[in-house]
Every structure is written in structure tokens, then in C-alpha cells.
There are 2 protein chains.
Amino acid sequence: MRTALAVIDRDGVAGLTMRKFGAELGVDPMAVYYYLPDKGALFDAVVEAVHDEVGELLVEEGATWQSLVWETFQRTRRVLLRHPHTIPLVGTRPVLSPRMLARADRLIAALVEVGLTAATALNIVACARSYTVGYLLVEAGVPAGPPVGAGVADADVMVAYPSLAAGMAQGYDPDRQFGMGLRALLDGFPAG
Amino acid sequence: MRTALAVIDRDGVAGLTMRKFGAELGVDPMAVYYYLPDKGALFDAVVEAVHDEVGELLVEEGATWQSLVWETFQRTRRVLLRHPHTIPLVGTRPVLSPRMLARADRLIAALVEVGLTAATALNIVACARSYTVGYLLVEAGVPAGPPVGAGVADADVMVAYPSLAAGMAQGYDPDRQFGMGLRALLDGFPAG
DNA sequence: ACCTGAACACCGTTCAAGT
DNA sequence: ACCTGAACACCGTTCAAGT
């Protein structure tokens, strides 16, 4: 699976071919089908490998549910930025493997331990996860299918779309913007 | 483009083939290339058609920035639920057409009119959009590539993952959960 | 048990040719 | 200007066959 992830990082998800994957493993392309039922299983394995890279939080003294959720999804973002081609896969393929479920279970358990109900914890995690994946998709996601055509020149934006231009005037800081949204989501939740 | 969207709604994005698209139009499959440079352009046109369906808000007396953003993304969700196969496309292909930019510009302008700075308006819209797309991706998104394998039976979840099971005990209401997260995002934003 | 290789039914895209 | 059809270089997957 490290091989599959490496191929995706290098060539994109369209570049991960059953044939190429076999070749990369130094094996007949079709040998892969002995271990994996189809290409979807290969994708799911890659998604799981990415989640493994996020790893698990250890709950420190004085942790709050806000700090746990914040740290979890900041880490998630950092990992996804290292594997931008996998973002559509991660957002799109619900992997329900035992390892994945166990990890989710431990996160919910940790949040319950610091005072949340299980139902609230699940709500917050689901929303924060949606926000994170959605944000990464537009921040760093590589378009599905062929590349997108050229956009619009900056000068055009300034004159034709004044409000947009005004909003963008002081630049765009993804780190800061992602953090603002995640912070807002946590601060605004009727949970504490 | 209505034809292309209809094909995607029926057969999924993998089912929208340049060849099938031509056939559906009653024309030689390759005739499409006279009008569109490649398949990416076809995807972008579909994304634009979906955004057109969301339409535009009219700003009523007494509107706040919260009510405008709320209404915008509730509508976006409703439209995406009608075209679930397009969600990965919408989340993934940044269409910067004049029509799209003009619509974004008018939304920002409306938010400035009710008291936000342009920069803040852009931040909020970007975050709310990320949240919405991310949420829909897991709520209704159809996995990229081949279908995902079978998950885990409910009974297994109960015994092996107790915290997860406790959180899910009172059921899952996507409408309510989506609304909670969007509300939290708006309430928590340091903007008012 | 594990791998091979031919074959099937497709793709997106190019390009010379038609009207 | 607009459309056709053959061709190219690929795909994922199946399956009989090898060791």
C-alpha cells in the first residue's frame, strides 16, 4: 500500500492503474487481482493508509473537547496537504474497516471522558470532519478528471468583480482561514 | 448541458462518456470535440449548470449576514441532494467562469451591505462553502471509482465499538446535523 | 497457493476526410 | 462551419492456463 500511495502522490489518482501498480511491484499486472477484488479496494486501502498517517491523539491532562477536536483536524489537514491527490478519495470513500471504526470509537470515547455526551461528540466530529475535508478539497484538491482550463486574469477580477476584489485585497492565508472556520465551528456548537 | 447533467444523474460520472454523450445527442460521438476541448470542459459545464440551479438570493428587508449565508448554503445543499453524483465534481473543479465570479461577487456585495467587511464576508463564505461541500460529500456523495465493499453489520458495531454505538443510538438526522454545524459556524465567527 | 498472458469490451483523443 | 469514422494508445476485468 505504500507503493500505491507513492504512485498516487507522484502521478495522481488517474495515474494509479492496476497495470502500473502491478508493474511497480515487479509483478504481472493481473497478479493484483489475487489479493484485491477490484480497483475500489485499492482506493480504500490507500484511504486507510492516509488515515493511519494521521495517527491517534494522546489525551493530555487539561484537555478539553475543543482542544481534542481542534488538534485532531489540524493534524488531518497537515497529512492531507502531504497527499493532495488523495483528498477526493478520502472525502468520497467511506471506509468502514475495523481499524477505522476502532479509531473513531476511541476519539468519541475520549470526548465523552472530557464531558460530552456520545451523541454530541458524534455530531461535532462529523461536522468538523466535513468542514476539514471540504476545505482541503478546495484548498489543495486536485480536480477529478482532466485539468481545469485557465481561469481569469487578476486584472480582470479587479475591475469586473469589485466586491470579490476588495475581499481578496489583503491576500489569502489558508492556514489562518482554515483555523478561523474550525475555531468558529467549535465556539458556536451548543455543547459546552 | 441539460443532457449531460441528466446522463450523470442517471448513470453517475463514470457513466458520462464522450461517446455516450454524443450518442444521447443523436450525433457522432466525436462531434462533441468541435464544441468542447476535452472531458474536463464537459465536467465544468455540468458544475456550472448545478450552480445555476441554486440560483440567487434576493435580499429582503431585515436580512442579516447570518440569514443570507444560512439561506445560501441550505439551498446549495438541497440542490446537491438532487444531483448527488455531481458532488465530487462540484467540490473538486474550481470553475472560474464569468457567470460564477459574478454570482460570488454579488453575494459578497450583499453581505457588505448588511455590515460585513469584504474580507470577512469572503472568509465566512469560503468556510461555509467548504463545510457544505464536505458535508454533502459524506452524506450523499457517490464514491469515485468502483463501489465500496460491504461495511460492517450493525450488531458488530454495537459490541465492538461501544462509544460509537452510544452516539448513534438515537439515530442520525442529516437535516438536523447539517443545520447544527452550519449554525455553529455562523454563531462562532468573530464577525458580528 | 500464487502468478501469467491472452482476450473482451470498453475508454479519451487525434486527425484526415467528407459535406 | 460542422460532422464523420478510422485509428492510437490506453483502460478494468475475466479466465483458462501454467508452476
Side-chain angles (χ1 to χ4, degrees), chain A residues 1-50 85-86 88-95 141-150, chain B residues 1-50 85-86 88-95 141-150:
Chain A
M1 288 318 135
R2 271 177 291 120
T3 308
L5 184 50
V7 173
I8 286 195
D9 284 341
R10 176 161 47 82
D11 302 335
V13 354
L16 178 60
T17 294
M18 295 303 256
R19 290 165 140 95
K20 198 195 283 183
F21 180 51
E24 209 92 11
L25 253 36
V27 107
D28 183 282
M30 302 304 122
V32 177
Y33 282 93
Y34 185 75
Y35 300 93
L36 258 23
D38 59 15
K39 200 180 182 182
L42 184 55
F43 283 166
D44 289 343
V46 168
V47 170
E48 187 142 23
V50 171
H85 284 109
T86 69
L89 254 32
V90 169
T92 243
R93 299 198 67 89
V95 180
V142 180
V148 315
Chain B
M1 287 318 133
R2 272 177 290 121
T3 308
L5 183 52
V7 173
I8 285 195
D9 284 340
R10 175 161 48 82
D11 302 332
V13 354
L16 177 60
T17 295
M18 294 304 257
R19 289 165 141 97
K20 197 195 284 183
F21 180 51
E24 208 92 11
L25 254 36
V27 107
D28 184 282
M30 302 305 119
V32 177
Y33 283 94
Y34 185 75
Y35 301 93
L36 257 26
D38 59 17
K39 202 180 180 181
L42 183 56
F43 283 165
D44 289 343
V46 169
V47 170
E48 188 143 21
V50 171
H85 285 107
T86 68
L89 254 33
V90 170
T92 240
R93 300 199 65 91
V95 179
V142 180
V148 315

A:Met30 CE to D:dA16 P, in whole Å, measures 16 Å
#### Entry: Integer angstrom distance from the C1' of C:dC2 to that of D:dA16
15 Å
Sidechain N-carboxylate O distance under 4.0 Å for A:Arg10, A:Glu24:
yes
Does B:Met18 reach a base, just sugar-phosphate, or nothing at all? Heavy atoms under 4.0 Å. sugar-phosphate
Rounded to whole Å, the CG-P distance (A:Asp28 to C:dA1) equals 20 Å
Quick one: label A:Tyr33 by what it contacts on the DNA or RNA (base, sugar-phosphate, nothing), any heavy atom closer than 4.0 Å. base
Measure from the side-chain N and O atoms of A:Asp38 to the backbone N and O of A:Ala41, and report whether any donor-acceptor pair falls under 3.5 Å. yes
On DNA chain C, more 5' by nearest nucleotide between A:Arg19 and A:Ala31 is A:Ala31
Donor-acceptor check, side chain of B:Lys20 to backbone of B:Gly15, threshold 3.5 angstrom: yes or no? yes
Under 3.5 Å, is there a donor-acceptor pair between the side chain of A:Lys39 and the main chain of A:Leu16? yes
By the Watson-Crick or G-U definition, both distances under 3.5 Å, C:dC11 is matched with none
Here the distance between atom P of C:dT13 and atom CZ of B:Phe21, to the nearest Å, is 13 Å
When rounded to whole Å, the NZ to C1' distance for the pair A:Lys39 and D:dT13 reads 12 Å
note: A:Leu42, atom CG; D:dG12, atom P; distance rounded to Å ~ 10 Å
**Report entry** N or O in side chain of B:Tyr35 less than 4.0 angstrom from D:dA1 OP1/OP2
**Finding:** no
Do the side chains of A:Arg93 and A:Glu48 get close enough for a salt bridge, i.e. N-O under 4.0 angstrom?
no
Between CG of A:Leu25 and P of C:dC2 the distance, given in whole Å, is 15 Å
C:dG18 -> Watson-Crick or G-U wobble partner, both distances under 3.5 Å, gives D:dC2
Taking only N and O in the side chain of A:Tyr34, is any of them less than 4.0 Å away from OP1 or OP2 of C:dC2?
yes
